[in-house]
Amino acid sequence: MLRRLLYFLVYSNLFIAACAVLMAWETCRRLHTDIPIGSLAGFLFFSTLLSYSFHWYLTPAYTGNSSRVRWLQHFRPVHLALFVAGMAGTIYFFVPLAAYWFWMLGGALATFLYSAPKLPYRFFAWLRTIAIGKTLFLAFMWTYATAILPVMLSDEPAPPGWLWFILSRFFLLYPICILFDIRDRDYDKKTGIRSLITILSVKQAGYIFWGSLLANVICILILAGSVTGWSSVFSLLLPPVLTACLYDYAKRHVSDLLYYLILDGCMALSAILYLSAGI
């Protein structure tokens with residue numbers, strides 16, 4: 001029973017939507033931004049659910065050992081229902097944030113462009129051949145939604161250290177995205193999707209992975225020394241350390257729960273630790 005519930009939360013994209021909310025909440029708390037967090041949390045939850053349901057609904061079945069794809073094919077009506085719910089919730093929570101439409105529109109457009117190559121039309125299929133920076137693009141999308149947007153919605157000046165926090169968020173998300181792309185290299189090549197990771201060797205991709213994690217740690221240390229204080233360093237450093245420890249294992253194993261629960265969970269781990277500590 002618990003295993004089925006876990007699969008539902010992860011495979012239905014409810015888990016990743018919750019991660020987005022936690023990450024945005026962490027940004028607001030650490031940077032002390034004064035924004036309508038309730039409306040933003042609702043908007044991010046449902047827009048993430050909408051985006052990922054749309055993305056996975058367009059993902060065709062392919063030969064492989066992905067239990068997530070098999071789940072998607074079996075429960076396709078559930079995915080469609082969550083897509084509709086995501087659309088309704090996104091519209092509902094956008095209304096109180098309509099004054100910030102400019103900042104929200106950029107994120108919506110970027111989200112659509114990420115999934116657009118999966119649409120069965122010639123123009124969108126053509127995007128697969130030029131999507132070399134899709135890994136960077138995905139990491140930036142998540143950074144924008146969970147670290148930049150909460151700052152842009154504030155009527156106050158950008159808080160001290162906001163740039164270092166945003167960079168630390170990006171350089172955590174990017175290596176996690178690299179692991180997903182290394183896993184999907186063969187599939188991306190077969191379907192004509194070009195990315196930096198399909199062009200580079202796994203060893204070369206590893207250099208970018210480790211370089212990004214190093215940049216993440218440097219940003220965290222600068223941020224801790226100048227803004228947040230050293231008391232919160234542990235919660236920020238544990239996610240990159242865990243991601244680094246999973247590097248070799250993730251290259252050899254393709255378990256969906258490893259990627260969609262543990263690695264995706266690493267994105268929101270510092271927020272969970274921050275919340276638990278009551279900092």
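Just the heavy atoms: all of them, side chains too, but no hydrogens, waters or symmetry mates, feed the values below. Just so you know, residue 1 is the first one in the sequence shown, and it goes up from there. For clarity, every value in this text was computed on a predicted model and none was experimentally measured.
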### Query
Is there a side chain to side chain contact (heavy atoms under 4.5 Å, CB included) between W142 and M267 once you walk through the steps?
CA-CA 10 Å; W142 271 88; M267 300 192 305; 4.0 Å; yes
Heavy-atom pair with the smallest gap, counting every atom of [X] and [Y]:
X    : Y    : value
E26  : R169 : OE1-NH2, 3.0 Å
I178 : T135 : N-CG2, 3.8 Å
A250 : Y259 : O-OH, 2.6 Å
C266 : L172 : O-CD2, 4.0 Å
V202 : K251 : CG1-CD, 3.9 Å
T146 : A20  : CG2-O, 3.8 Å

Restricting to side-chain hydrogen bond (donor to acceptor under 3.5 Å, both in side chains), what partner residues turn up for N13, sequence neighbours left out?
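side-chain hydrogen bond (donor to acceptor under 3.5 Å, both in side chains) check on N13 returns R68, H79.
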Are [X] and [Y] grouped together when hydrophobic residues (ILVMFWY) are joined by side-chain heavy atoms under 4.5 angstrom apart?
X    : Y    : answer
F15  : L22  : no
V95  : L153 : no
L275 : I272 : no
L163 : L223 : yes
L214 : I176 : yes

[atom1] of [X] to [atom2] of [Y]: how many Å apart, nearest 0.5 Å?
X    : Y    : atom1 : atom2 : result
L82  : L49  : CG    : CG    : 5.0 Å
L167 : C219 : CG    : SG    : 4.5 Å
S168 : I218 : OG    : CD1   : 12.0 Å
T143 : L149 : OG1   : CG    : 12.0 Å
C177 : M141 : SG    : CE    : 9.0 Å
I262 : S255 : CD1   : OG    : 7.0 Å

What I'd like to find out is whether the side chain of [X] reaches to under 4.5 Å of the side chain of [Y], using heavy atoms alone.
X    : Y    : result
Y11  : V78  : no
L136 : F170 : yes
Y174 : I208 : yes
D264 : F180 : yes
Y144 : W103 : yes
F93  : F45  : no
Y274 : R29  : yes
F94  : S39  : no

Requested in this report: May I have the step-by-step check of side chain to side chain contact (heavy atoms under 4.5 Å, CB included) for L6 and L261, ending in yes or no?
Outcome: CA-CA 9 Å; L6 180 62; L261 180 65; 4.0 Å; yes
Notebook entry, point to check: Within 45 degrees of the axis of the six-membered ring of F165 and under 6.0 Å from its centre: does R30 put its NZ or CZ there?
Noted result: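 Verdict for F165: no cation-pi partner in R30.
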What's the verdict on side chain to side chain contact (heavy atoms under 4.5 Å, CB included) for L40 and W25, showing C-alpha distance, side-chain angles and the deciding distance? CA-CA 9 Å; L40 178 61; W25 172 87; over 6 Å; no
Checklist entry - Taking it one step at a time, do M104 and F43 satisfy side chain to side chain contact (heavy atoms under 4.5 Å, CB included)? => result CA-CA 10 Å; M104 321 246 334; F43 177 81; 3.2 Å; yes
In residues 238-248, what donor-acceptor pairs under 3.5 Å come from side-chain atoms, sequence neighbours left out?
residue	atom	partner	partner atom	Å
T243	OG1	P239	O	2.8

message: Quick check against the 3.5 Å criterion: does S51 have a side-chain atom that pairs as donor or acceptor with the backbone of S47?
response: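 No, the answer is negative, given that no donor and acceptor are paired below the 3.5 Å cut-off.
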_Short side-chain to backbone donor-acceptor contact, S154 and P150, under 3.5 Å_ =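 No.
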Has W210 got more than 12 heavy atoms of other residues, nucleotides or ligands less than 6.0 Å from its CH2?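 Buried by this count: over 12 neighbours within 6.0 Å.
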